[in-house]
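Heads up, the thing below is written out as structure tokens.
Please read these numbers as outputs of a predicted model, since none were measured by experiment.
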Amino acid sequence: MKKKKWTIVGVIIAVLVIIGGGVYWNMSHAVAKKVPGNTYIYQGLSKDKSVYLTFAESGDHVVVSSNKADAAKASQSASSFDRQYKAQEKSATWSYKAEGGTLTLAEETRDGQVSQWQYNHILATNKKFTARSFTYQIAKAGQGQVKRKVVFEKVS
């Protein structure tokens, strides 16, 4: 009787580990499915500045704004997104690439300078995604790595 009880407990634990592992794996590979067509707010590490990122429904463009109203306009429709993106193009173009557990944002200024931020080890849910660290390469300013958690919260 005791052996049967431990067998049942072992099977239950194995099932829970398998389910938990599957959920974790899904969350750690979901960023590419979650971001298109959505707007997220990101607060800087010091929490004193916020930026809104609206990702295109299709393609690799991003509207980046410190103004929530502009981000909201960009998320209304594909044509609204295109208008906001064209307005942003006057100073810089923004693009992104999301795959696996990483998200890379790139900014190219009108004079051809490129800056990139790569967010690593992302766990994505329907309401937010969290990166455990990020690396950056800023045009004419250097590069580095930050090993602090950063959170992008969904606005739309």
Side-chain angles (χ1 to χ4, degrees), residues 16 18-156:
L16 291 175
I18 290 168
I19 291 171
V23 169
Y24 179 83
W25 187 89
N26 185 47
M27 288 173 61
S28 68
H29 288 76
V31 71
K33 294 178 219 160
K34 302 286 184 186
V35 298
N38 290 304
T39 300
Y40 292 85
I41 183 172
Y42 167 74
Q43 291 186 326
L45 293 174
S46 60
K47 305 284 188 212
D48 61 339
K49 295 180 183 174
S50 297
V51 66
Y52 295 89
L53 301 115
T54 303
F55 295 88
E57 284 274 348
S58 61
D60 65 350
H61 292 145
V62 183
V63 170
V64 178
S65 176
S66 59
N67 184 323
K68 186 176 182 179
D70 289 344
K73 285 179 194 171
S75 68
Q76 289 174 348
S77 67
S79 59
S80 295
F81 180 91
D82 290 341
R83 278 192 298 279
Q84 291 298 117
Y85 190 79
K86 286 188 189 325
Q88 169 184 278
E89 274 184 320
K90 294 173 185 167
S91 60
T93 58
W94 284 86
S95 61
Y96 80 99
K97 182 177 182 180
E99 62 183 9
T102 63
L103 171 71
T104 304
L105 294 172
E107 173 196 34
E108 183 174 355
T109 59
R110 299 301 293 157
D111 62 357
Q113 299 294 315
V114 177
S115 299
Q116 288 189 328
W117 296 261
Q118 180 175 309
Y119 298 90
N120 305 303
H121 309 290
I122 293 175
L123 291 179
T125 66
N126 287 332
K127 295 184 179 183
K128 66 181 178 180
F129 63 91
T130 305
R132 289 197 320 222
S133 67
F134 68 94
T135 56
Y136 60 89
Q137 185 172 6
I138 310 295
K140 297 184 179 180
Q143 60 188 14
Q145 181 176 20
V146 177
K147 293 185 178 188
R148 289 181 52 192
K149 178 178 85 168
V150 292
V151 178
F152 294 78
E153 292 187 53
K154 190 174 178 182
V155 175
S156 63

[X] side chain near [Y] side chain, heavy-atom distance below 4.5 Å:
X: Val31; Y: Lys34; value: no
X: Leu103; Y: Trp117; value: no
X: Val151; Y: Lys149; value: yes

When rounded to the nearest 0.5 angstrom, what is the spacing between [atom1] in [X] and [atom2] in [Y]?
X: Lys97; Y: Asp60; atom1: NZ; atom2: CG; answer: 10.0 Å
X: Asn126; Y: Met27; atom1: CG; atom2: CE; answer: 10.0 Å
X: Tyr96; Y: Leu53; atom1: OH; atom2: CG; answer: 11.0 Å
X: Lys68; Y: Ile41; atom1: NZ; atom2: CD1; answer: 7.0 Å
X: Phe81; Y: Lys86; atom1: CZ; atom2: NZ; answer: 10.5 Å
X: Lys154; Y: Lys127; atom1: NZ; atom2: NZ; answer: 10.0 Å

Open item on the list: How about CG on Asp111, more than 12 heavy atoms from neighbouring residues, nucleotides or ligands closer than 6.0 Å, or not?
Closed with: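 Yes, enclosed.
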
Open item on the list: Heavy-atom count check: over 12 atoms from other residues, nucleotides or ligands less than 6.0 Å from Gln145 CD?
Closed with: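 Yes, because the 6.0 Å sphere around CD of Gln145 holds more than 12 heavy atoms from other groups.
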
Open item on the list: Measuring centre to centre across the rings, with the benzene-like ring taken for any Trp, is Phe129 within less than 6.0 Å of Tyr119?
Closed with: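 So the answer is no for these two rings.
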
Is there a donor-acceptor contact under 3.5 Å from the side chain of [X] to the main chain of [Y]?
X: Gln143; Y: Gln116; result: no
X: Gln84; Y: Lys73; result: no
X: Tyr85; Y: Trp94; result: yes

Between [X] and [Y], which heavy-atom pair has the shortest distance, and what is it?
X: Gln88; Y: Val62; result: NE2-O, 3.0 Å
X: Ala98; Y: Ala32; result: O-CB, 3.4 Å
X: Lys147; Y: Ser133; result: CA-CB, 3.9 Å
X: Ala139; Y: Ser115; result: N-OG, 3.0 Å
X: Lys128; Y: Glu153; result: CB-CA, 4.0 Å

Task: Sequence-distant partners of Asn67, side chain to side chain donor-acceptor pair (under 3.5 Å), two or more places apart - done: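 Side chain to side chain donor-acceptor pair (under 3.5 Å) check on Asn67 returns nothing, list empty.
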
Task: By side chain to side chain donor-acceptor pair (under 3.5 Å) - contacts of Gln118 (at least two apart) - done: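 Gln118 satisfies side chain to side chain donor-acceptor pair (under 3.5 Å) with Asn120 only.
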
Open item on the list: Over 60° means perpendicular and under 30° means parallel, so tell me whether Tyr136 and Phe134 are parallel, tilted or perpendicular.
Closed with: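 Plane angle between 30° and 60°, so tilted.
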
Task: Evaluation steps, side-chain contact (heavy atoms from CB on, under 4.5 Å), between Asn26 and Lys33 - done: CA-CA 11 Å; Asn26 185 47; Lys33 294 178 219 160; 4.1 Å; yes

Task: Check against side-chain contact (heavy atoms from CB on, under 4.5 Å), Tyr52 and Val63 - done: CA-CA 8 Å; Tyr52 295 89; Val63 170; over 6 Å; no

- [ ] Take Val51 and Phe152 through the side-chain contact (heavy atoms from CB on, under 4.5 Å) test and state the conclusion after the steps.
- [x] CA-CA 10 Å; Val51 66; Phe152 294 78; over 6 Å; no

